[in-house]
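Okay, structure first, notes after.
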Amino acid sequence: DPPRPSPGDTAVLAGLYGPAEAKLSKELPDRTALEVLLRPKVGLPGVLERSREQQLRQTCEAVVLGVLHPRTAITLVLQVLSDAGSLLSCCLNAACMGLLDAGLPLCSLFCGVTCALSPDGTITLDPTARQEQDARAVLTFAIDSRERKVLLSTTKGSCSVEEVRGAGGARGRGAPRRGAGPTPLCLPQMQQCLVAAQRAADTIFQFYRDSLQRRYSKS
């Protein structure tokens, strides 16, 4: 049998250009103008790529000290080389490494972690594409390195009405009614995924440090 893909087979190449002179139409008088471009492996960017570009840009803007480079432009290009699952978190990590490598001033680092919630409630970190398809819900978090705060959270999926009742106790006003169908992912499950993602973030931040140390070490 051919080897099964793993999330480690997902690869994104990051290239950063700037700070450089900004076009007059994009120039901001009080900070740098940050643009993120996400290129798929094949074909042209679509609606999904445009949505993720906005998410990535907002995350980068939360940590880049853009006030130090007013009236300039920074362009971050992310090229997807392979997608075996957890693509958004891989893009987040590539974006942060790109900012680090370029030497831009940052108030903190960030990393991306994807969690898949299986039908039996099991949480899988860095799921493969197949695990994402089979999951009842998939969540991706961008977490900062200083206080482990959430800079970005995306959720796709739902949980059953019975699970909401079980998590919320006795039904009160505004609680789901019998036969109401699937509801958004309930809070306890999101909290469990967030705690798991915050723990996994420690490993990613250590990877950042080790990578930089290897690159700039004299030995």
Side-chain angles (χ1 to χ4, degrees), residues 1-14 38 40-41 46-49 51-56 58-59 78-97 109-145 147-168 176 181-211:
D1 293 338
R4 295 182 179 181
S6 69
D9 294 326
T10 300
V12 177
L13 180 65
L38 178 60
K41 182 179 179 180
V47 175
L48 178 60
E49 284 77 21
S51 174
R52 287 182 169 175
E53 285 175 352
Q54 182 178 6
Q55 294 168 341
L56 291 160
Q58 291 173 346
T59 304
L78 299 172
Q79 174 65 57
V80 178
L81 302 179
S82 60
D83 180 9
S86 304
L87 179 59
L88 179 55
S89 58
C90 185
C91 289
L92 286 163
N93 296 333
C96 187
M97 291 294 286
L109 306 180
F110 64 85
C111 72
V113 181
T114 298
C115 305
L117 186 66
S118 65
D120 63 1
T122 302
I123 297 174
T124 302
L125 294 174
D126 293 331
T128 63
R130 178 59 182 272
Q131 288 171 326
E132 288 182 348
Q133 292 174 0
D134 296 340
R136 189 179 53 199
V138 177
L139 302 90
T140 298
F141 301 97
I143 300 172
D144 90 315
S145 61
E147 302 176 5
R148 301 301 188 265
K149 293 189 302 183
V150 177
L151 303 178
L152 169 73
S153 174
T154 67
T155 306
K156 181 176 70 173
S158 63
C159 61
S160 66
V161 173
E162 287 73 17
E163 288 169 324
V164 176
R165 290 198 185 108
T183 63
L185 193 66
C186 47
L187 185 59
Q189 292 174 323
M190 289 192 67
Q191 290 175 332
Q192 291 173 6
C193 291
L194 176 57
V195 170
Q198 288 171 326
R199 290 174 180 170
D202 294 336
T203 302
I204 299 175
F205 291 134
Q206 184 61 50
F207 170 77
Y208 288 173
R209 288 189 288 268
D210 294 342
S211 298

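In this chain, residues are counted from 1 in sequence order. Just so it is clear, the model here is predicted, and its values are computed rather than measured.
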Please confirm whether the backbone N or O of [Y] pairs with a side-chain atom of [X], one donor and one acceptor, at under 3.5 Å?
X: Q79; Y: L38; answer: no
X: S51; Y: V47; answer: no
X: T128; Y: G85; answer: no
X: S86; Y: P127; answer: yes
X: N93; Y: G112; answer: yes
X: S82; Y: A11; answer: yes
X: T10; Y: A84; answer: yes

Please enumerate all residues that pass salt bridge (charged side-chain N to carboxylate O under 4.0 Å, His left out) together with [X], with sequence neighbours excluded.
X: R130; answer: D134
X: E132; answer: none
X: R148; answer: D202

Distance col, row K149:NZ vs F110:CZ, nearest 0.5 angstrom, shows 14.0 Å
When every non-hydrogen atom of S211 is compared with those of M97, the smallest separation belongs to CB-CE, 4.0 Å
Is there side-chain contact between R52 and C91, with heavy atoms separated by less than 4.5 Å?
-> no
